[in-house]
Amino acid sequence: MKLNAHSLVGLLFCVGAVVAGSAAADELADVSTAFRWLGRNDRVVIEAYDDPKVTGVTCYVSRARTGGVKGTVGLAEDKAEASIACRQVAPAVQFNGKLPLQEDVFTERMSILFKRLHVVRVVDVKRNTLVYLTYSDKLIDGSPMNAVTAVPVAASTPIPVK
């Protein structure tokens with residue numbers, strides 16, 4: 001099978017989308033923080049991420065989104081600040097297989113190149129708790145800004161780990 005330039009670009013985009021994140025975000029709301037004459041205003045967005053391997057746990061992330069012309073067309077670099085709160089949103093938590101002790105649950109681009117927002121799940125086996133961390137990284141200099149939250153799991157449901 002021979003690939004032309006359009007097919008190759010489409011294939012690379014699809015592969016990048018799959019590799020970029022294992023969960024999809026639902027944007028719940030946003031609030032404007034700074035007026036921009038052209039393009040969207042700067043804003044803070046609230047997004048919900050369902051953990052793809054833990055049914056019944058959702059993480060809520062708030063973060064800054066840069067507006068203006070660059071932000072509207074996706075060329076602006078968003079600030080590295082984010083907040084996270086994960087909660088049990090179903091009567092019981094269910095696991096879709098064994099979990100690694102630490103894993104990126106979601107990652108999303110924060111600039112056109114090299115800067116990403118991460119949500120990492122860490123299993124605290126001793127306390128039967130899922131700990132979620134959000135931070136951003138950049139190819140040259142990442143940010144030490146981070147936020148953490150935890151979801152305790154009932155003792156009757158041990159977390160299956162790899």
**Study point:** Verdict with supporting geometry, Val105 and Tyr49, side chain to side chain contact (heavy atoms under 4.5 Å, CB included)
**Key:** CA-CA 9 Å; Val105 176; Tyr49 300 90; 6.0 Å; no

Practice item. Specify the closest pair of heavy atoms between Ala48 and Thr58, including all atoms of both residues, with the distance to one decimal. Key: CB-CG2, 3.9 Å

Point to revise | Exam field: side chain Thr107 to backbone Leu117, donor-acceptor pair closer than 3.5 Å | key: yes

Review point. Given side chains that start at C-beta, do those of Thr134 and Tyr132 come closer than 4.5 Å, heavy atoms only?
Key: no

Review point. Is the side chain of Asn128 donor-acceptor paired with the backbone N or O of Val153 at a distance under 3.5 Å, no angle test?
Key: yes

Review point. So which heavy atom on Gly97 is nearest to which on Pro160, and how close?
Key: O-CG, 3.6 Å

Study note, to complete from the structure: What one should report as the nearest heavy-atom pair of Leu130 and Arg121 is CD2-CD, 3.9 Å

Practice item. Identify the two heavy atoms, one from Asp104 and one from His118, that lie closest to each other, and give their separation to 0.1 Å. Key: OD2-ND1, 2.9 Å

Exercise for review: Determine yes or no for a side-chain-to-main-chain donor-acceptor pair under 3.5 angstrom, with Asp51 supplying the side chain and Lys53 the backbone.
Suggested key: yes

Review point. Is there side-chain contact between Val54 and Leu99, with at least one heavy-atom pair below 4.5 Å?
Key: yes

Check your understanding: What distance do Ile159 atom CD1 and Thr129 atom OG1 have between them, rounded to the nearest 0.5 Å?
Key -> 6.5 Å

Practice item. Specify the closest pair of heavy atoms between Leu101 and Val125, including all atoms of both residues, with the distance to one decimal. Key: CD2-CG2, 3.8 Å

Review point. So how far is it from Thr157 OG1 to Gln94 CD, rounded to the nearest 0.5 Å?
Key: 9.0 Å

Review point. Below 4.5 Å, heavy atoms only, C-beta onward: do Val61 and Phe106 meet side chain to side chain?
Key: no

Point to revise | Single-linkage hydrophobic cluster Tyr135~Tyr60, side-chain heavy atoms < 4.5 angstrom | key: no

Revision key, fill the gap. In short, Ala25 meets Glu47 closest at the heavy-atom pair CB-CB, 4.2 Å

